[in-house]
Amino acid sequence: MTEVSRRHLLLASGAVLITRAAQARAPGEAASPSQRWGLLIDTAKCDSGCTACIDGCKAEMGLTGHDRPLTDAQYIRKLTVKDPMDGNTHFLPVMCQHCAKPACVDVCPTGASMKRADGIVLVDRHICIGCRYCMMACPYKARSFTHEEQSGQKPHLPRGKGTVEGCTLCVHRIDAGGQPACVEACATKGKGAMLFGDLKDPGSTIARRVAAEATTRIRADLGLGPAVRYQGI
Amino acid sequence: MTLLARLLLGLMLTVTAAAAFAADFPALPKARGGDCVAAAPVMRRDHADMLKHQRDDTLRRGIRGVKASLKDCVACHSTDGADAKPVPITAPGQFCQTCHAYVAAKPDCFECHATTTGAAP
């Protein structure tokens, strides 16, 4: 009830136009189902050699590896897709797609894989038993398993041996009114191929563009309802 | 009057005598920042429950900026070493560790959670 009235107050005041993009929730306020955070990625602006989003993600999350690409934690993978008919290639970053109907949540035996009210899909590592069903269920290969003991973690991203992890859409930044580190890195060091926003807010840039322009979801046929949209593929 | 005083004195003596049997409670490093999130007796008794409650509220419901954040415990209760570098809160002699060693509790929180406030190396 309070959430609704607060939102209406904001809408009525008109202040929402200025504050919409980045607004931290008040202390003590829970994530709200009236929001749905998502990304729009324009592959035409995604270059083959660029790894700005991946580097930005690793730095933000404190992901250190052991030079073992098969098992090192990765929240974003960069894919090359090739059209077999004409041989044209495109590049796209793939991270957790924050599905509306996440397969990882369906298969999790403990409830550790979970979807927050605002659509962000997370691993509650406090109750993750490391079974990795979610990793097998995810068609986007979005999750990693922490194989080694960790030290030097970032305070905003606790991570440790024996649990599954993946992109959190930078939930710690979103809750503080910011945007994901990959989007920021792509804007400053890349070509600004990524747009972040609230898909349920009809006035947001992302919702307006998704309404006006053709966008695709990868493996849309699976019907999982990803919150990450792509253009140009 | 004197009887009461004697009684009280006697009581105090037995209390101190009893305390001397247990291993002396180790001194805890001083906290930085303001007051704790609750009074010390409450904290001693209830902090484990507070933290468990908080972790579900924050992670699963997205509630931030409220009382018993583990990040905040570390911010106030971790210390800097003689070299001015932050000491991991799990190191011997540090706040949580000292008392937990005394009471034989072994929470695993810091296998994942950062042991210092700063951007760790």
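Below, chains carry the letters A, B, ... as their sequence lines are ordered, and counting in each starts from 1.
- Between chain B and the options A:His126, A:Gln150, A:His156, heavy-atom pairs under 4.5 Å are most frequent for A:His126.
- Under a cut-off of 6.0 angstrom, the local environment of CD in B:Gln94 is crowded, with over 12 non-hydrogen atoms contributed by other residues, nucleotides or ligands.
- Interface summary for chain A: among B:Arg60, B:Arg61, B:His113, B:Lys52, the most heavy-atom pairs under 4.5 angstrom belong to B:Arg60.
- Nearest approach of B:Cys112 to A:Gly160, heavy atoms of both residues: SG-N, 3.1 Å.
- Contact annotation for A:Ile174: neither backbone nor side-chain heavy atoms come within less than 4.5 Å of a heavy atom of chain B.
- Across every non-hydrogen atom of B:Gly65 and A:Pro27, the tightest pair is O-CB, 3.5 Å.
- Under a cut-off of 6.0 angstrom, the local environment of NE2 in B:His100 is crowded, with over 12 non-hydrogen atoms contributed by other residues, nucleotides or ligands.
- Atom OH of A:Tyr133 has 12 or fewer neighbouring heavy atoms from other residues, nucleotides or ligands inside a 6.0 Å radius.
- Judged purely by atom type and a 3.5 angstrom limit, A:Arg25 uses its side chain to pair as donor or acceptor with the backbone of B:Gly62.
- A 6.0 Å sphere centred on CG of B:Asp83 holds more than 12 heavy atoms belonging to other residues, nucleotides or ligands.
- Closest approach of A:Val123 and B:Leu59 over heavy atoms only: O-CD2, 4.2 Å.
- With a 4.5 angstrom heavy-atom cutoff, B:Asp57 does not touch chain A via any of its atoms.
- With A:Gln153 contributing its side chain and B:Ala114 its backbone, the two residues share no donor-acceptor pair below 3.5 Å.
- Here A:Arg116 is the residue among A:His172, A:Glu149, A:Lys161, A:Arg116 with the most heavy-atom pairs under 4.5 Å with chain B.
- The shortest side-chain heavy-atom distance between B:Thr58 and A:Asp175 does not fall under the 4.5 Å cut-off.
- Residues B:Thr116 and A:Pro155 approach most closely at O-CG, 4.0 Å, considering heavy atoms.
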